[in-house]
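Numbers restart at 1 for each chain; the letters A, B, ... are given by sequence-line order, proteins then strands.
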Amino acid sequence: MPKNLIGSLELEDPFDLVATLESGQVFRWRRVDSKWYAGIVGRYPLLLRQEPGKLVYRCDFGIANEIEEALFAFFRLDDSLLDVYESVNGDAKLSDVIKRNLGLRLIRQEPWECLISFVCSSVSNIPRISRNMEAIAKKTVSPKLVDTHSIYPFPTVAQLANCREEELRELGLGFRAKYVTRISWLIANEQFDLFGLKSASYNDAKTALMSLPGVGAKVADCILVFSFDKLQGFPVDRWVRRSIKERYFENTYVTDTDIVSWAQERWGSYAGYIQQYLFQDQRLINARR
DNA sequence: GAAGGGCCTTTGAG
DNA sequence: ACTCAAAGGCCCT
């Protein structure tokens, strides 16, 4: 019988679990009842819910210390959001954005799943990316059980490399299917060292990622920010582009590349955080219309 | 070499 | 029924 390990992590820094899990960084967390979210952190399938001042988890195996270490790393509790907020205190154009999204955090993801997520994100939408990713997992692996809830791990490189393009198209990936199969093959056959990028510089890692089919500047920056700790990355998608142009370049022509360099100059290693706030804010504003 | 346009799949909303 | 948009990238000009 699995033991029911329930514990919690004290939260000092601003933290909004729902906003963070539903901000389009990760795509396979699901709400299993009114308060719990089910997903995977590190090697632990678990349930999470937030209570005042703490993050409560339920995991059916493992040691509390190690689970909490994994949670700490996953939610980047080593970053201070207060420092981020303070650094942009003088920018009136950001104050409302920060205020509306307090506690939104970047997540430190496993690179392989992150890569596939954002290859699948191209001209898609968040509900669909979630369905695609979940369909891939259900097709290739068997679920873990936490309490009564099934949680599917994401397939390994070798497991996904066994899928044919046609099979992925049947899951609804569309033209992105060929990118996923090609990338899986390249990594599985050691033609591309994904995990080695952790020690590379931002520029080197970005150039390397962009050599993969289906990975351009935007997707590369997502992977760099979300799983390789390169927080100067600034993914420019249609929401962020619109937001930045409205706020800072009303009457000036800028390309996406211009926006990236401008943001890095302005926000440095906080650019990744600012981008996530702008993205989330613009998306929520749009949803209300 | 930079920039712009067409094309790629599927799904849901209006 | 039809059109549009959705965390873009690739290829051609």
No-H, no-angle donor-acceptor pair, [X] side chain to [N] base, under 3.5 Å:
| X | N | value |
| --- | --- | --- |
| A/Arg128 | B/dT10 | yes |
| A/Arg131 | B/dT10 | no |
| A/Gln282 | C/dA7 | no |

Using a 4.0 Å heavy-atom cut-off, does [X] contact any base of the nucleic acid, only the sugar-phosphate backbone, or nothing at all?
| X | result |
| --- | --- |
| A/Gln280 | nothing |
| A/Tyr253 | sugar-phosphate |
| A/Ala177 | nothing |
| A/Glu170 | nothing |
| A/Val219 | sugar-phosphate |
| A/Thr257 | nothing |
| A/Val119 | nothing |

Using the six-membered base ring of C/dA7, report whether A/Phe118 stacks on it, requiring centroids under 5.5 Å and planes under 30° apart.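 No, A/Phe118 does not stack on the base of C/dA7.
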
Among B/dG4, C/dA7, C/dG8, which is the nearest nucleotide to the side chain of A/Phe27?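 Of the options given, the side chain of A/Phe27 lies nearest C/dA7.
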
Side chain of A/Thr255 (C-beta onward), nearest among C/dG8, B/dA3, B/dT9: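 Given the options C/dG8, B/dA3, B/dT9, the side chain of A/Thr255 is closest to B/dA3.
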
Between atom [atom1] in [X] and atom [atom2] in [N], what is the gap in whole Å?
| X | N | atom1 | atom2 | value |
| --- | --- | --- | --- | --- |
| A/Trp239 | C/dA5 | CH2 | P | 10 Å |
| A/Asp258 | B/dG4 | CG | P | 11 Å |
| A/Lys178 | B/dC8 | NZ | P | 10 Å |
| A/Leu173 | C/dA6 | CG | C1' | 15 Å |
| A/Met210 | C/dC11 | CE | C1' | 15 Å |
| A/Leu212 | C/dG9 | CG | P | 12 Å |
| A/Glu166 | B/dT9 | CD | P | 10 Å |
| A/Phe234 | C/dA7 | CZ | C1' | 13 Å |

Rounded [atom1] spacing from [N] to [M] in Å:
| N | M | atom1 | value |
| --- | --- | --- | --- |
| C/dC10 | B/dT11 | P | 23 Å |
| B/dT9 | C/dA1 | P | 24 Å |
| B/dC7 | C/dA7 | P | 23 Å |

Could you walk me through whether A/Arg266 and A/Ile274 pass side chain to side chain contact (heavy atoms under 4.5 Å, CB included), step by step? CA-CA 10 Å; A/Arg266 187 176 181 88; A/Ile274 303 304; over 6 Å; no

Is the ring pair A/Trp262/A/Phe249 parallel, tilted or perpendicular, if the boundaries are 30 and 60 degrees? perpendicular

So, A/Tyr273 and A/Asp83: side-chain donor and acceptor under 3.5 Å apart, yes or no?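 Distance-only check fails for A/Tyr273 and A/Asp83.
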
Does a salt bridge link A/Glu170 with A/Lys139, judged by any charged N lying under 4.0 Å from a carboxylate O? no

Has [X] got a side-chain N or O lying under 4.0 Å from the OP1 or OP2 atom of [N]?
| X | N | answer |
| --- | --- | --- |
| A/Arg176 | C/dG8 | no |
| A/Arg238 | C/dG8 | yes |
| A/Tyr179 | B/dT9 | no |
| A/Arg242 | C/dA6 | yes |

Position toward the 5' end of DNA chain C (nearest nucleotide), A/Pro213 or A/Ile129: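 Counting from the 5' end, the first nearest nucleotide belongs to A/Ile129.
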
Which residue lies more 5' along DNA chain C, comparing A/Gly214 with A/Gly24 via nearest heavy atoms: A/Gly24

Quick check, are the ring centers of A/Phe226 and A/Phe118 under 6.0 angstrom apart? yes

Could you please name the partner base of B/dT9, counting Watson-Crick and G-U wobble pairs only when both distances are under 3.5 Å?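 Pair assignment: B/dT9 / none.
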
If you count heavy atoms of other groups shown closer than 6.0 angstrom to NZ of A/Lys54, is the number above 12?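 No, because the 6.0 Å sphere around NZ of A/Lys54 holds 12 heavy atoms or fewer from other groups.
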
Okay, side chain of A/Gln25, backbone of A/Gln109: is any donor-acceptor separation there less than 3.5 Å?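 No, the answer is negative, given that no donor and acceptor are paired below the 3.5 Å cut-off.
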
